[in-house]
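Structure record follows, encoded as structure tokens.
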Amino acid sequence: MQNVAILGATGSIGKSTLGVLELYPDKFRLYAVTAHSRVKELAEIAKRFNVSLAVTSDPSKLEALKEALAAIGCNARAEAGAEAVARLAASPEVDIVVGAIVGAAGIVSTFRAAEAGKKLLLANKESVVCGGKLLMDTVKRCGATLMPVDSEHNAIFQCLVGETERSREKARIILTASGGPFRTRKDLSDVTIEEATHHPNWSMGRKITVDSATLMNKGLEVIEARWLFDFPPERIAVVVHTQSIIHAMVEYEDGVVIAQMGAPDMKNTIAYSLAYPDRFTAGVTPLKFSQIKTLTFEDPDLNRFPQLGYAYEALKMGGSASIVLNAANEIGVEAFLEGRIGFTDIAVLCRSMMYGFQPPAPTTLEEILETDRQARELARAWADGYSEHRRDKN
Ligand code: NAD
Ligand code: MG
């Protein structure tokens with residue numbers, strides 16, 4: 001029996017994880033869950049899985065969480081604050097940490113789980129983007145096991161199993177992208193919040209759904225792949241594959257390409273990460289090839305979706321460029337979802353931040369967090385100025 005903690009249990013990945021854990025009550029015990037603001041929902045999960053600890057990362061929600069737990073007769077202990085989440089990630093009670101927090105808010109707990117040598121199922125791609133080599137070195141040094149819970153990276157992991165070091169060094173990663181909802185739309189300047197928060201193939205949280213629409217998500221995934229698999233950016237390509245059946249491919253020196261396929265359902269990825277090196281059912285309906293019929297491929301359009309290109313530029317620039325890009329994007333998406341800037345302004349913000357703010361490469365977790373904090377502050381000021389300008393113009 002292994003004890004599991006889900007950080008971000010109320011989110012899309014959190015819920016998919018609950019769906020898989022439910023199938024294996026004899027293998028895994030859900031020990032603790034966290035959420036930011038939806039404490040009622042958190043309490044319901046705590047009760048349903050009989051967990052020992054429920055944590056809200058928002059310190060002002062502690063009383064509300066206690067009340068919600070008491071109201072449904074759940075006697076899980078309640079804690080609050082980002083430090084409580086970080087403590088949980090390193091808790092000796094926990095064997096497996098599921099990192100399903102959205103955004104850079106997940107960085108600290110990812111590092112804590114790595115430092116504590118946990119098995120870490122990592123969906124929080126922003127912590128790989130910001131943590132980079134430092135995170136991967138920490139995982140290695142502390143004997144942690146990192147399983148990528150991003151469908152593409154989980155697929156790459158599967159395509160690389162059993163290959164020699166030499167064969168990997170000659171291989172090329174091919175990430176697939178659905179192309180998002182605006183793949184064929186010419187003018188993106190008037191995209192609405194409603195349109196940008198509906199993905200054609202995947203059901204996900206709001207931030208990653210907007211990232212998929214700008215292709216920033218694929219850009220973050222290029223950076224993520226660079227660090228997770230230690231592949232240089234020249235050997236990481238992106239192809240648009242609208243059906244989202246192939247999650248990623250690896251092309252080897254002999255020209256053979258290994259592709260990983262499955263229904264677009266994160267339960268597949270989570271189940272593989274829990275079962276590895278074994279496999280067990282994920283509770284997902286298998287593919288029916290006679291219904292899929294065609295698989296299509298095309299190049300991404302970097303003119304209409306420049307943020308994918310910025311990710312490659314950030315890797316080339318090195319230093320803290322990926323942290324700055326990530327922070328600018330998070331603030332940009334937030335401002336877009338609040339109706340303060342337009343859809344295409346997110347890319348403008350990312351670009352001006354990447355070229356306007358170039359701190360040196362971080363050497364510690366504290367430096368990563370400080371760069372992220374400074375970048376957010378600058379990006380916020382930019383977004384505020386921009387939205388004021390838009391208001392005056394209208
Ligand atoms: P979501 O918005 O549905 O859920 C986010 C979770 O994080 C919630 O439980 C929320 O309470 C918590 N949270 C939000 N702000 C927080 C904060 N400041 N501090 C601590 N916790 C906070 O997001 P999601 O779609 O589940 O995505 C989670 C992560 O997984 C993201 O990094 C995303 O890129 C990655 N991911 C998601 C999918 C998917 O299918 N949803 C696929 C691949 C990767
Ligand atoms: Mg993905």
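Atoms within a ligand are numbered from 1 in the order they appear, just like the ligands themselves.
- Below 30°, between 30° and 60°, or above 60°: for F229 and H153 the angle between ring planes is below 30°, a parallel geometry.
- The Mg ion (ligand 2) has D150 OD1, E152 OE1, E221 OE2 as protein N, O or S atoms under 2.8 Å away.
- Residue, atom and distance of the protein heavy atom nearest to atom 41 (N) of ligand 1 are S12 OG, 3.1 Å.
- Side chain of D211 to main chain of M216: no donor-acceptor pair is present (N/O by atom type, distance under 3.5 Å, no hydrogens or angles).
- Using a 4.0 Å cut-off between heavy atoms, N124 contacts ligand 1 through both its backbone and its side chain.
- Looking at atom 33 (C) of ligand 1, its nearest protein heavy atom turns out to be I208 CD1, 3.9 Å.
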So K47 and E44, salt bridge (Lys or Arg N to Asp or Glu O under 4.0 Å) or not? Walk me through it. CA-CA 5 Å; K47 165 116 177 153; E44 278 154 19; over 6 Å; no
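- In terms of polar-atom proximity, defined here as any N/O pair under 3.5 Å, G11 does make such a contact with ligand 1.
- For R376 (side chain) and E330 (main-chain N/O), no donor-acceptor pair under 3.5 Å exists by modelled atom type.
- Looking only at distances, no side-chain donor or acceptor of T209 sits under 3.5 Å from a matching main-chain atom of H198.
- For F305 and F182, the gap between ring centers reaches or exceeds 6.0 Å.
- For A335, the side-chain contact (heavy atoms from CB on, under 4.5 Å) partners are R340, I341, A383, not counting sequence neighbours.
- Among protein heavy atoms, atom 2 (O) of ligand 1 sits closest to G205 CA, 3.9 Å.
- Checking N201 against S244 by side-chain atom types alone, a donor-acceptor pair falls below 3.5 Å.
- Backbone and side-chain nitrogen or oxygen atoms of E126 are examined, and one is located within less than 3.5 angstrom of a nitrogen or oxygen of ligand 1.
- At least one N or O atom of H36, backbone or side chain, sits closer than 3.5 Å to an N or O atom of ligand 1.
- Looking only at heavy atoms of the protein, atom 26 (O) of ligand 1 is closest to I13 N, 2.9 Å.
- Under a 3.5 Å cut-off, the side chain of S91 and the backbone N or O of R87 do not form any donor-acceptor pair.
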